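Bear in mind that the values here come from a model prediction, so they are computed numbers and not experimental data. Read the numbers this way: they start at 1 and go in the same order the structure lists the ligands and their atoms.
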Amino acid sequence: MDLDGLFKEAEKAALHSYSPYSHFRVGAALLSEDGRIFTGTNVENRSFGLTICAERSAVVAAVSSGVKRFTALAISTLDSESPVGPCGACRQVLSEFMSGDAPVRFGGSGGEKVNTTISALLPFDSLHDLGKT
Ligand code: THU
């Protein structure tokens, strides 16, 4: 699966968004080391602080299926024309399960895509390898 295909999966996942408060639909698709795709969408709540972002939904879905390493990520924000990158909390969580050089692509409805990496999204991630000692 290439990044184009992964992005299409993220777009499909965004259609499942539960976002009655923000009306901002987000989908995320993770490619696992063994070539599987795990998707997630944002799930909001009337207690706003309980909202779960699409990226963390995808991580939780994958880990719940026993899959913990990912080689690429795509994020689709259907309700913005321009690309919108992952929030700070999600950058931290994603870095737990992905290498710094893993590619990340995100884009909105306008066709423009940002192509970056986990380490560019979370620079100076000094504790990246702490769990592996
Ligand atoms: N959201 C995500 O799902 N991922 C992001 O990277 C940015 C924000 C969600 C949270 C909330 O449901 C809505 O988008 C507006 O912030």
Handout entry: Heavy-atom proximity to atom 8 (C) of ligand 1, best of Gly85, Cys53, Pro86
Key = Cys53
Completion exercise
Taking only non-hydrogen atoms of Ser22 and a 4.0 Å limit, the atoms of ligand 1 in range are 13 (C), 15 (C)
Practice task
Give the residue and atom name of whichever protein heavy atom lies nearest to atom 3 (O) of ligand 1, and the separation in Å to one decimal.
Solution key: Ala54 N, 2.9 Å
Practice task
Determine whether any heavy atom of Cys90 lies closer than 4.0 Å to an atom of ligand 1.
Solution key: no
Fill in the blank from the handout: For atom 16 (O) of ligand 1, the closest protein heavy atom turns out to be Phe24 CD2, 4.8 Å
Problem - Between Ser17 and Asn42: side-chain donor-acceptor atoms closer than 3.5 Å - result: yes
Completion exercise
For atom 5 (C) of ligand 1, the closest protein heavy atom turns out to be Glu55 OE2, 3.4 Å
Practice task
For atom 9 (C) of ligand 1, find the nearest protein heavy atom and state the residue, atom name and distance (0.1 Å precision).
Solution key: Asn42 ND2, 3.6 Å
Handout entry: Salt bridge Asp34-Arg69, side-chain N to carboxylate O under 4.0 Å
Key = no
Practice task
Verify the distance criterion only: is there a donor paired with an acceptor across the side chains of Ser82 and Ser80 at less than 3.5 Å?
Solution key: no
Practice task
For ligand 1, find out whether one of its N or O atoms is nearer than 3.5 Å to an N or O atom of Thr51.
Solution key: no
Practice task
Return the minimal non-hydrogen interatomic distance between Arg91 and Pro86, and the atom names on each side.
Solution key: NE-O, 2.7 Å
Practice task
May I ask whether Leu78 and Val26 are part of the same hydrophobic cluster, defined by side-chain heavy atoms of I, L, V, M, F, W, Y residues being less than 4.5 angstrom apart, directly or through others?
Solution key: no
Problem - atom 14 (O) of ligand 1 within contact range, any protein heavy atom under 4.0 Å - result: yes
Exercise for the section: Tell me yes or no: between the side chains of Ser95 and Asp125, is some donor less than 3.5 Å from an acceptor? Expected result: yes
Handout entry: Where ligand 1 meets Val26 - atom numbers and elements under 4.0 angstrom, heavy-atom basis
Key = 1 (N), 2 (C), 3 (O), 4 (N), 9 (C), 14 (O)
Exercise for the section: Answer yes or no for Lys113 and Phe106: cation-pi contact, defined as NZ/CZ to six-membered ring centre under 6.0 Å and angle to ring axis within 45°. Expected result: no
Handout entry: Carboxylate-amine/guanidinium proximity below 4.0 Å for Lys8 and Glu11
Key = no
Exercise for the section: Any atoms of ligand 1 less than 4.0 Å from a non-hydrogen atom of Cys87? List them with their elements. Expected result: 6 (O)
Handout entry: atom 12 (O) of ligand 1: nearest protein contact (heavy atom, Å)
Key = Glu44 OE2, 2.5 Å
